[in-house]
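Note on naming: letters A, B, ... go to the chains in the order of the sequence lines (proteins, then strands), and numbering restarts at 1 for each one.
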Amino acid sequence: MTDGLVLDSIGHDYDGVPVVKGVSLRIRPGELVCLLGPSGCGKTTTLRVAAGLEAPRLGRVILNGKVVSGDGIHLPPEERHVGFLFQDYALFPHLDVMANVAFGLSGKPRAEREQRARQMLAQVGMSGYVDAWPHQLSGGQQQRVALARALAPSPSLMLLDEPFSGLDKRLRDQVRDETLHVLKSTRVSTLMVTHDPEEAMFMADRIAVMRGGEIVQLAPPDELYNHPRDAFVASFFGEVNLMAGVVRGGAVATPLGRFAAPGLTEGIVAEVLARPEALTLTASAQGHATVLTARRLGRSSLVHLRLEMPEMAICHLHARLGGGAAPAEGERVEIAVDSSQVFVFPAAAD
Amino acid sequence: MNPLPPSLEAPPSKGRRRQALGGRGWSVAVFVLVGVVSLPVLAVAANLLVPAGDVWTHLASTVLSAYVANSIWLMLGVGCCVAIGGVGTAWLVTMCRFGGSRTLEWALLLPMAMPAYVVAYTYTGLLDYAGPVQSGLRALFGWRSAHDYWFPELRSLGGAVGVMSMVLYPYVYMLARAAFLEQSVCVLEASRTLGCRPWRAFLQVALPLARPAVAAGVALALMETLNDFGTVHYFAVDTFTTGIYRTWLGMGQPAAAAQLGAVLMMFVLALVLTERLSRGSRRFHHTTGRYRTLPRLPITGAMAAAALAFCLLPIVLGFAVPAAILAVWAVEGGAERALNGEFLSLAGNSVILAAVAGLVAVAVALLLVYALRLHPRPAVRSGVRLASLGYAIPGSVIAVGTLVPLTAVDRALAGFAQDRLGWSIGLLLTGSIAGLVYAYVVRFLAVAVNGVEASLGKVTPSMEAAARTLGEGGLGTLRRVHLPIIRGSLLSAGLLVFVDVMKELPATLIMRPFNFDTLATRTFTLASDERLADAGAPALAIVLAGLLPVVLLSRTIARSRPGGAQ
């Protein structure tokens with residue numbers, strides 16, 4: 001039989017407003033899949049459906065080869081054996097750390113429960129806080145205890161709902177790293193929800209980009225970045241320079257040059273998206289671009305450019321340059337483009 | 001996207017069919033409970049549709065206009081007094097700093113412990129012809145009789161307005177104070193930087209922002225005004241409550257009493273709508289989420305003295321003086337005589353009734369609120385609201401509304417027993433303790449529901465979901481997560497119901513079993529027999545019990561300000 005989680009054409013609505021429309025997804029054992037999308041795209045609802053916290057209106061949820069939702073069945077969350085890590089951690093305030101982690105282990109002898117809880121706390125590096133109360137812990141510590149609690153009953157599936165959004169930036173990077181290690185070393189299948197593309201790329205084996213209740217593209221991070229299916233995905237994974245033009249002779253002319261538009265109908269308006277790192281600059285007195293400002297942002301520099309091509313509208317562009325010196329303000333430059341990082345899509349209808 | 005291959009046909013797990021997260025059981029429980037609890041209110045409301053009988057026509061042509069007029073004047077008078085007193089005191093103690101303002105914050109709640117009828121009795125004892133004040137004046141000025149001087153008549157509409165305002169202003173005070181505390185200090189400071197002087201900032205910014213809270217407080221106070229029976233009965237001011245009591249017990253006309261109750265409910269409905277509408281918009285009044293300790297305006301000298309006097313007046317009149325009089329009466333009446341006599345059995349009756357009602361109300365409230373939490377459907381929500389409506393309905397109306405269906409059930413039971421079993425069982429529920437507890441639960445369920453709702457808010461939905469994903473079912477989650485967290489609040493909710501039942505008068509009077517007395521009913525009958533001094537001990541006991549929720553409330557209020565000083 002198939003292990004892992006299968007979502008089969010899940011549809012759900014709240015009070016008649018559809019929030020998830022035909023989402024299908026399969027998580028292989030030990031795989032970590034991220035649901036990524038802007039707020040309100042239905043990703044958290046999908047996660048809650050997988051947990052059994054919501055009964056989907058349409059479709060089926062299949063967990064380790066058994067239908068747990070759909071076909072007239074709805075197995076309640078307590079019988080699904082899944083772990084859920086909540087955005088606010090949801091530690092029980094009336095129980096200490098030990099009792100929180102042992103909460104899901106009822107039905108086992110006391111000594112065994114404690115041993116398992118200690119083992120989990122050790123795994124997340126919280127052994128020293130067995131007797132602490134949730135309100136005495138920092139955000140990062142609470143997150144670790146919540147992770148230990150969710151993993152303690154050895155669930156076959158872990159569900160993570162924006163698990164790092166409550167932490168400040170530096171702590172987030174650290175906790176994210178630790179969480180990834182814990183999840184990968186327990187080899188549990190994981191479905192995680194996030195709105196942060198960088199986080200998704202950091203955590204996920206595959207990412208499902210969602211918009212308007214549908215999965216737009218499901219692929220490994222590398223493929224999403226290099227071969228986005230549409231302008232939404234391309235711009236979601238990083239800043240882009242957006243230009244528009246009409247398809248003529250199988251190509252679109254833009255101030256940055258002509259780009260092939262394979263498969264696009266002749267004469268329609270197309271959007272051309274160029275990542276800032278696709279642009280390289282060379283100083284040239286005859287260059288058509290002027291440097292407005294250049295700012296060093298850690299390892300790279302961001303250069304704001306004003307490009308004036310003859311018979312074209314003036315456009316503002318961003319170029320991201322690796323190490324080395326950035327050009328000075330007011331300098332004239334020539335722009336070269338790496339066309340593998342330029343994407344051409346039909347302009348959105350709306 | 002990625003349609004599944006047809007080969008992936010998975011068998012259903014365990015072959016069990018389940019509703020989403022349990023389901024029908026909770027809804028059925030809610031609708032049965034709501035039906036039972038709202039039956040009295042519906043029974044009275046149904047009387048609006050019943051054709052008017054002779055007694056009703058008689059009532060309408062004789063006393064009804066007086067009832068309406070008195071009730072309206074009473075509401076107007078009390079409404080104005082509590083609005084001014086409540087807002088004024090709330091503003092002074094929250095926004096200004098003067099000698100004693102910290103103590104006043106909780107002391108201003110003290111009059112809540114006083115049932116209006118007890119205050120009415122004490123002031124009558126103090127101010128009537130034979131009382132110490134008039135006797136003293138006569139001795140001082142050598143007057144012989146009432147013809148020699150003029151003294152305001154306490155037992156009048158004006159007196160009733162005064163007595164009720166003294167004990168009901170804390171409703172406005174509490175809500176207005178909470179509203180002032182919630183107002184972001186930034187808003188007030190912004191108005192100051194825009195050139196408002198403190199007084200104008202109050203009138204133009206703080207007061208409009210607090211207006212919904214004030215309206216809600218006044219509406220609550222007016223509901224209590226309409227509910228009052230003891231005061232208006234004692235002062236011989238004919239209102240709906242006294243009318244219902246007289247029509248029911250004096251004239252033996254339950255139908256006409258119910259019709260009076262139905263008219264009274266129209267008044268209440270208007271108040272409920274006012275309260276709901278004004279509360280409904282309250283959430284829009286948190287203009288920003290930033291709080292700092294309120295910069296209190298220091299006032300000194302004559303202004304401070306005036307502020308202190310304004311705040312002390314209601315405490316002295318509404319609590320200190322009546323409490324002192326009660327204490328004197330209790331001592332004069334002989335503390336040991338009271339203890340030896342019926343006092344202990346009265347107190348026992350009151351405590352048992354109140355404890356049972358408190359337990360039942362909290363249990364019902366917990367079920368309703370938890371069901372609402374599990375299934376936040378509009379139908380369940382309106383069911384819970386309907387069941388909470390009893391708090392707005394005067395006790396006398398609830399009593400009538402409870403007795404009508406109970407009598408019907410009793411008749412049916414008795415008929416059944418007589419016909420089928422040959423037993424003569426009489427009336428089982430009517431005039432029984434069970435019937436009385438039923439009426440209390442109907443009347444005070446909202447108190448318990450509010451308490452339980454607030455405390456369940458402490459259990460976030462994700463805590464619930466966490467427990468479910470960790471393998472606990474609905475009831476197990478209630479037992480292992482909710483109950484331990486909300487235990488303290490459940491106790492407070494039960495305590496509030498307990499004290500309300502201790503103080504309750506009209507429903508108890510109408511529904512109590514024959515020869516069964518509580519502290520409240522005994523106080524009432526003693527006072528009606530002009531044995532005021534003997535009423536001291538039971539009344540004092542009621543007031544002491546009434547202090548418990550005041551303590552609770554003042555602690556909650558102190559903690560209510562986010563980020564504020566403890």
Return the option, out of B/Ser462, B/Gly471, B/Pro461, with the maximum number of heavy-atom pairs under 4.5 Å with chain A. B/Ser462

Identify the residues of residues 84-93 of chain A whose heavy atoms come closer than 4.5 Å to a heavy atom of chain B, ordered by number, or report 'none'. A/Phe84, A/Phe86, A/Asp88, A/Ala90, A/Leu91, A/Phe92, A/Pro93

Using every non-hydrogen atom in the two residues, find where A/Leu53 and B/Arg468 come nearest and quote the distance to one decimal. CD2-CB, 4.5 Å

Where on A/Ser106 is there a heavy atom nearer than 4.5 Å to chain B: the side chain, the backbone, both, or neither? side chain

Has A/Gln115 got more than 12 heavy atoms of other residues, nucleotides or ligands less than 6.0 Å from its CD? no

Taking non-hydrogen atoms and a cut-off under 4.5 angstrom, which of residues 143-162 of chain A neighbour chain B? A/Arg149, A/Ala150, A/Pro153

Determine yes or no for a side-chain-to-main-chain donor-acceptor pair under 3.5 angstrom, with A/His81 supplying the side chain and B/Leu470 the backbone. no

Starting at NE2 of A/His94, measure out to CD1 of B/Ile486 and round the result to the nearest 0.5 Å. 10.5 Å

